[in-house]
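Here the structure is laid out as structure tokens; the discussion comes afterwards.
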There are 2 protein chains.
Amino acid sequence: MDKFTFIDRPDNQRLQLMKKSYTELNSDIVRLFIDFQWTYRNMQKAYDDVLDKNGLSESRFIILMFLYHAPNQTMLPSVISEKLGATRATVSKLLKAMEIKGWVSKSSSTTDKRSLSIQLTENGNQVLEKFLPENFNIANVLFGSLTSEEMEQLFYLLKKIQDNTQKYTHKNGEIKDANKKD
Amino acid sequence: MDKFTFIDRPDNQRLQLMKKSYTELNSDIVRLFIDFQWTYRNMQKAYDDVLDKNGLSESRFIILMFLYHAPNQTMLPSVISEKLGATRATVSKLLKAMEIKGWVSKSSSTTDKRSLSIQLTENGNQVLEKFLPENFNIANVLFGSLTSEEMEQLFYLLKKIQDNTQKYTHKNGEIKDANKKD
DNA sequence: GCATTTTAATTAGCCGGCTAACTATTTTTG
DNA sequence: CAAAAATAGTTAGCCGGCTAATTAAAATGC
């Protein structure tokens with residue numbers, strides 16, 4: 001849903017025009033918001049293209065990494081879902097496709113008949129080993145021209161945005177929960 | 001596709017472990033890359049929730065804005081597709097849903113029988129007018145705690161990342177084009 | 001002036017997010 | 001100990017991105 005690149009972004013003139021009708025509008029903040037989205041999407045598209053060349057999506061890659069690091073290269077779908085931050089329905093579909101590709105294998109749990117064990121196969125491991133150098137390379141390409149100070153500054157600014165997001169989300173969540181309790 | 005939130009992010013210990021096998025790995029760059037994605041996704045999810053409350057998605061909102069600013073509030077789907085940076089197939093589906101909601105109306109072009117004219121309706125205008133204050137408010141909430149200097153610095157850093165992305169994309173595009181000419 | 005190419009818009013299907021509903025199993029409660 | 005609630009995983013369908021194929025119309029080339 002976020003793949004479109006929003007080529008025609010509002011210029012300052014258009015924003016000033018709207019400012020007359022909307023006192024909430026702070027043009028610098030709006031331009032920064034749009035710039036943040038635009039830069040992210042272009043960067044993410046470049047990264048997705050590299051993943052795609054390896055038959056991967058980012059979620060598939062992250063799941064392979066979870067399995068790679070797990071004891072016995074094995075994990076439950078419900079745990080993958082929690083760590084990935086996606087629903088079990090989504091993870092179910094992803095694992096189905098990855099099983100078809102031969103990157104993971106499924107087996108029933110001996111202790112809980114509802115559960116499955118997902119294990120990284122040799123095929124899956126090879127896909128990871130082939131992709132990982134490219135993964136780190138693209139990261140170097142996209143961010144490698146930032147100096148150490150600039151990286152520190154970006155970390156700091158991202159944290160401020162994340163803190164703002166979290167405060168807003170929690171405030172909103174509380175309102176939602178209160179409404180539920182009515 | 002980018003909505004999952006990637007809750008379990010690799011910590012420094014796990015990265016150092018992998019560094020032994022992958023010389024390309026620069027932990028600061030990888031952590032920054034993942035942090036950028038994570039912050040963006042959380043911020044975008046908060047924004048999407050506000051859109052959703054108004055029956056909107058970001059693409060629908062942007063299309064309404066394009067029509068709002070267009071002469072006679074009218075535009076061709078092919079022009080919308082170019083400005084949005086999405087395919088005509090995607091825009092066709094979006095416009096169909098928006099027509100059903102009564103936000104836009106379609107009429108045949110008098111000059112080109114292949115073309116359609118898309119016009120913003122009074123309904124659509126009202127959806128925009130209701131949403132715009134909330135739109136600017138959420139932007140203020142998410143970015144409003146940055147000082148002017150911090151905003152300038154973020155603009156600058158985003159530009160560096162965008163320049164890196166563009167150099168990489170063009171280099172890759174050239175390679176692709178060369179391959180096509182074989 | 002006709003054949004070929006390009007363009008405009010649509011539909012089908014894939015992918016990966018979501019919610020809702022389902023079946024089967026385990027856990028909790030009274 | 002049985003009923004109720006919660007959990008695990010799956011499927012269906014929606015949404016919005018994509019590509020490919022389709023139909024109809026316009027533009028181009030010879």
Side-chain angles (χ1 to χ4, degrees), chain A residues 1-7 37 40-42 44-45 47-49 51-63 75-101 104 106-118, chain B residues 1-7 37 40-42 44-45 47-49 51-63 75-101 104 106-118:
Chain A
M1 48 223 39
D2 289 345
K3 287 287 188 56
F4 75 94
T5 55
F6 192 11
I7 291 169
Q37 288 179 312
Y40 170 84
R41 283 174 193 167
N42 288 333
Q44 185 69 43
K45 182 168 170 24
Y47 182 57
D48 284 344
D49 287 346
L51 283 157
D52 194 46
K53 280 196 226 132
N54 290 266
L56 281 162
S57 64
E58 192 169 11
S59 300
R60 291 180 184 181
F61 165 55
I62 293 170
I63 291 175
M75 192 167 275
L76 302 181
S78 54
V79 175
I80 292 173
S81 157
E82 277 170 32
K83 289 160 77 71
L84 187 65
T87 65
R88 281 177 294 184
T90 294
V91 170
S92 179
K93 276 210 283 188
L94 286 161
L95 291 175
K96 184 168 190 172
M98 291 165 75
E99 188 188 23
I100 288 172
K101 282 185 173 276
V104 302
K106 291 175 177 174
S107 52
S108 296
S109 172
T110 48
T111 54
D112 186 332
K113 286 198 176 92
R114 297 172 296 176
S115 292
L116 282 180
S117 286
I118 307 294
Chain B
M1 49 229 32
D2 290 343
K3 288 287 189 55
F4 75 93
T5 56
F6 193 11
I7 291 169
Q37 289 178 310
Y40 169 83
R41 284 175 191 165
N42 288 333
Q44 185 69 42
K45 183 169 168 27
Y47 181 58
D48 284 344
D49 287 347
L51 284 156
D52 194 48
K53 281 197 225 132
N54 289 266
L56 282 162
S57 64
E58 191 169 12
S59 300
R60 290 180 185 183
F61 166 56
I62 292 171
I63 291 174
M75 193 167 275
L76 301 180
S78 55
V79 175
I80 292 172
S81 156
E82 278 170 29
K83 289 160 76 73
L84 188 64
T87 65
R88 281 178 291 187
T90 295
V91 169
S92 179
K93 276 208 284 186
L94 287 161
L95 291 175
K96 183 168 188 170
M98 291 165 74
E99 187 188 23
I100 288 172
K101 283 185 170 277
V104 302
K106 290 176 176 172
S107 52
S108 295
S109 172
T110 48
T111 55
D112 186 332
K113 286 198 178 92
R114 296 172 299 177
S115 292
L116 282 180
S117 285
I118 308 294

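The sequence lines fix the lettering, A, B, ..., with proteins before strands; numbering per chain opens at 1. All values below come from the heavy atoms of this structure, side chains included, with hydrogens, waters and symmetry mates left out.
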Just checking, is any N or O donor in the side chain of Thr111(A) or Ser109(A) under 3.5 Å from an acceptor N or O on the other one?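 Yes.
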Report the distance from atom [atom1] of [X] to atom [atom2] of [N], rounded to the nearest whole Å.
X         : N       : atom1 : atom2 : answer
Phe61(B)  : dG16(D) : CZ    : C1'   : 18 Å
Ile63(B)  : dC15(D) : CD1   : P     : 15 Å
Ile62(B)  : dG17(D) : CD1   : P     : 9 Å
Lys93(A)  : dA12(D) : NZ    : C1'   : 9 Å
Asp48(A)  : dG16(D) : CG    : P     : 19 Å
Leu116(B) : dA25(D) : CG    : C1'   : 13 Å
Leu94(A)  : dT11(D) : CG    : C1'   : 15 Å
Leu95(A)  : dG17(C) : CG    : C1'   : 15 Å

Please check this pair: side chain of Arg60(B) against backbone of Ala97(B), looking for a donor-acceptor N/O pair closer than 3.5 Å.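 Not a single qualifying donor-acceptor pair exists.
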May I ask you to decide if Ala86(B)'s main-chain N or O and Ser81(B)'s side chain share a donor-acceptor pair within less than 3.5 Å?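 Yes.
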In terms of side-chain heavy atoms of [X], which of [options] is nearest?
X         : options                   : result
Ala86(A)  : dC18(C), dC18(D), dT7(D)  : dC18(C)
Ser92(B)  : dT11(C), dG17(C), dA25(D) : dT11(C)
Arg114(B) : dG17(C), dA24(D), dA8(D)  : dA24(D)
Pro77(A)  : dT25(C), dG16(C), dG9(D)  : dG9(D)
Lys113(A) : dT26(C), dG9(D), dG16(D)  : dT26(C)

[X] vs [N]: side-chain N/O to OP1/OP2 distance below 4.0 Å:
X         : N       : result
Thr87(A)  : dC18(C) : yes
Arg60(B)  : dG16(D) : yes
Ser59(B)  : dG16(D) : no
Arg88(B)  : dA8(C)  : yes
Lys106(A) : dT10(D) : yes
Ser115(A) : dT7(D)  : no
Thr90(B)  : dG16(D) : no
Ser78(A)  : dG9(D)  : yes
Lys96(A)  : dT11(D) : yes

So the salt bridge (charged side-chain N to carboxylate O under 4.0 Å, His left out) pairs with at least one residue in residues 106-115 of chain B (sequence neighbours excluded) are Glu99(B)-Lys106(B), Asp112(B)-Arg114(B)
Under the rule for salt bridge (charged side-chain N to carboxylate O under 4.0 Å, His left out), what residues qualify as partners of Lys45(B), not counting sequence neighbours?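 Checked Lys45(B) against salt bridge (charged side-chain N to carboxylate O under 4.0 Å, His left out); matches are Asp49(B).
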Using a cut-off of 4.0 Å on non-hydrogen atoms, how would the nucleic acid contact of Ser109(B) be classed: base, sugar-phosphate, or nothing? nothing
Does Ala89(A) reach a base, just sugar-phosphate, or nothing at all? Heavy atoms under 4.0 Å. base
NZ of Lys101(A) to NZ of Lys96(A): how many Å apart, nearest 0.5 Å? 15.5 Å
Heavy-atom nearest nucleotide on DNA chain C for Ala97(A) versus Glu82(B): which residue maps closer to 5'?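 Looking at the nearest nucleotide for each, Glu82(B) comes out on the 5' side.
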